[in-house]
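Accompanying notes for the structure given below.
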Amino acid sequence: MGAELFKTFFRIGLFTLGGGYAMIPLIEAEVVDKRGWIAKDQFLDLIAVAQTCPGVFAINISIFIGYRLRGVKGALLTATGTALPSLLIILAIAMFFQNFQHIPWVASMFAGIRPAVVALMAVPTFNMARKAKIGWLNCWIPIVSALLIWLFGVNPIYIILAAGIGGWLYGEIVRRKKA
């Protein structure tokens, strides 16, 4: 299974543009749907934990999945498999981009990739919102959080702490009403 973990995450890392959030659908398709290594609800929990940890999201999620499946060895295999394609691609681009960046079609190609990368990041965001059961009654929470970070420069850690405390308080209110 170790080689299979490495190959799976190497392939995901190789064919994903846009970083960790763009990888979510591919990781879910491989790890949850195709191979059944992780249950859907566990995958959503791993995403939530990976987002709160410092570091690169794609590496975090791959480490958590690898560790869950094969311990430390699995974490090392999945992290290496995820990071290695990007490292190799960036090295190749760094070696040759200076020679080609002035060519109009190359500049146009990179300008065309930008909106596609935004879309690749937006799709998993909406999918996660649906899976987290964010609807019309509570959609204000991520919107206000994003605006506080973007417009007012509020530290995301404060947003996470406030959301955690708010969720705990809400849970307490619901629990007391049932009692």
Side-chain angles (χ1 to χ4, degrees), residues 1-132 134 142 146 149-150 156-157 160:
M1 179 186 227
E4 194 67 24
L5 279 173
F6 177 82
K7 286 191 302 188
T8 299
F9 279 87
F10 185 87
R11 193 171 43 248
I12 290 168
L14 185 62
F15 293 108
T16 307
L17 294 173
Y21 293 99
M23 287 182 172
I24 291 172
L26 293 174
I27 294 172
E28 183 177 14
E30 283 289 326
V31 173
V32 176
D33 300 332
K34 183 177 177 183
R35 302 182 190 283
W37 289 341
I38 303 282
K40 280 191 185 271
D41 59 335
Q42 291 173 338
F43 183 71
L44 188 58
D45 291 341
L46 289 175
I47 288 173
V49 172
Q51 288 175 321
T52 61
C53 292
V56 178
F57 174 74
I59 300 297
N60 289 348
I61 190 70
S62 68
I63 287 171
F64 289 139
I65 291 170
Y67 186 81
R68 178 131 173 82
L69 296 173
R70 300 276 295 172
V72 173
K73 180 181 178 185
L76 290 172
L77 289 169
T78 55
T80 304
T82 302
L84 191 58
S86 297
L87 175 67
L88 296 175
I89 291 168
I90 293 299
L91 284 175
I93 289 173
M95 289 172 42
F96 300 109
F97 186 67
Q98 296 249 337
N99 299 332
F100 300 106
Q101 68 183 4
H102 66 282
I103 299 173
W105 71 266
V106 172
S108 297
M109 182 180 72
F110 278 99
I113 289 173
R114 285 185 204 123
V117 169
V118 171
L120 287 171
M121 290 169 35
V123 169
T125 300
F126 290 120
N127 288 337
M128 283 189 326
R130 185 174 31 85
K131 289 175 188 170
I134 294 176
I149 294 167
W150 181 51
I157 292 172
I160 292 168

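By convention here, the first residue in the shown sequence is residue 1.
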In the structure I gave you, are the side-chain heavy atoms of [X] and [Y] within less than 4.5 Å of one another anywhere?
| X | Y | result |
| --- | --- | --- |
| Thr78 | Thr8 | no |
| Leu46 | Ile38 | yes |
| Leu14 | Arg11 | no |
| Tyr67 | Val72 | yes |

Tell me the closest heavy-atom pair linking Pro85 and Gly81, and the distance in Å. CD-O, 3.0 Å
Heavy-atom nearest pair, Ala75 first then Ile63, reads CB-O, 3.7 Å
Using the ring pair (Phe, Tyr, Trp, His ring centres under 6.0 Å) criterion, which residues pair with Phe43? Sequence neighbours excluded.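 Partners of Phe43 under the ring pair (Phe, Tyr, Trp, His ring centres under 6.0 Å) test: none.
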Mind checking what makes side-chain contact (heavy atoms from CB on, under 4.5 Å) contact with Thr82, not counting sequence neighbours? Phe9, Met23, Ala58, Ile59, Ser62
Listed partners of Leu26 passing side-chain contact (heavy atoms from CB on, under 4.5 Å), at least two apart: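 Only Ile12, Thr16 meet the side-chain contact (heavy atoms from CB on, under 4.5 Å) criterion with Leu26.
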Is there a side chain to side chain contact (heavy atoms under 4.5 Å, CB included) between Ile65 and Ile61 once you walk through the steps? CA-CA 6 Å; Ile65 291 170; Ile61 190 70; 4.0 Å; yes
Under the rule for side-chain hydrogen bond (donor to acceptor under 3.5 Å, both in side chains), what residues qualify as partners of Gln51, not counting sequence neighbours? none
Could you name each residue pair satisfying salt bridge (Lys or Arg N to Asp or Glu O under 4.0 Å) that touches residues 56-80, not counting sequence neighbours? none
Listed once per pair and sorted, the salt bridge (Lys or Arg N to Asp or Glu O under 4.0 Å) pairs that draw on residues 34-43, sequence neighbours left out: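 Non-adjacent pairs meeting salt bridge (Lys or Arg N to Asp or Glu O under 4.0 Å): Glu4-Arg35, Glu28-Lys40, Glu30-Lys34, Glu30-Arg35, Asp33-Lys40.
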For atom CD1 of Ile103, is the number of surrounding heavy atoms from other residues, nucleotides or ligands below 6.0 Å larger than 12?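 Enclosed: over 12 neighbouring heavy atoms sit under 6.0 Å from CD1 of Ile103.
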Phe57 CZ: over 12 foreign heavy atoms closer than 6.0 Å: yes
Rounded at 0.5 Å granularity, tell me how far [atom1] in [X] sits from [atom2] in [Y].
| X | Y | atom1 | atom2 | value |
| --- | --- | --- | --- | --- |
| Phe6 | Leu76 | CZ | CG | 11.5 Å |
| Leu88 | Leu91 | CG | CG | 6.5 Å |
| Ile24 | Lys131 | CD1 | NZ | 8.5 Å |

Given Leu69 and Leu5, is the side chain to side chain contact (heavy atoms under 4.5 Å, CB included) satisfied, shown in steps? CA-CA 9 Å; Leu69 296 173; Leu5 279 173; 3.6 Å; yes
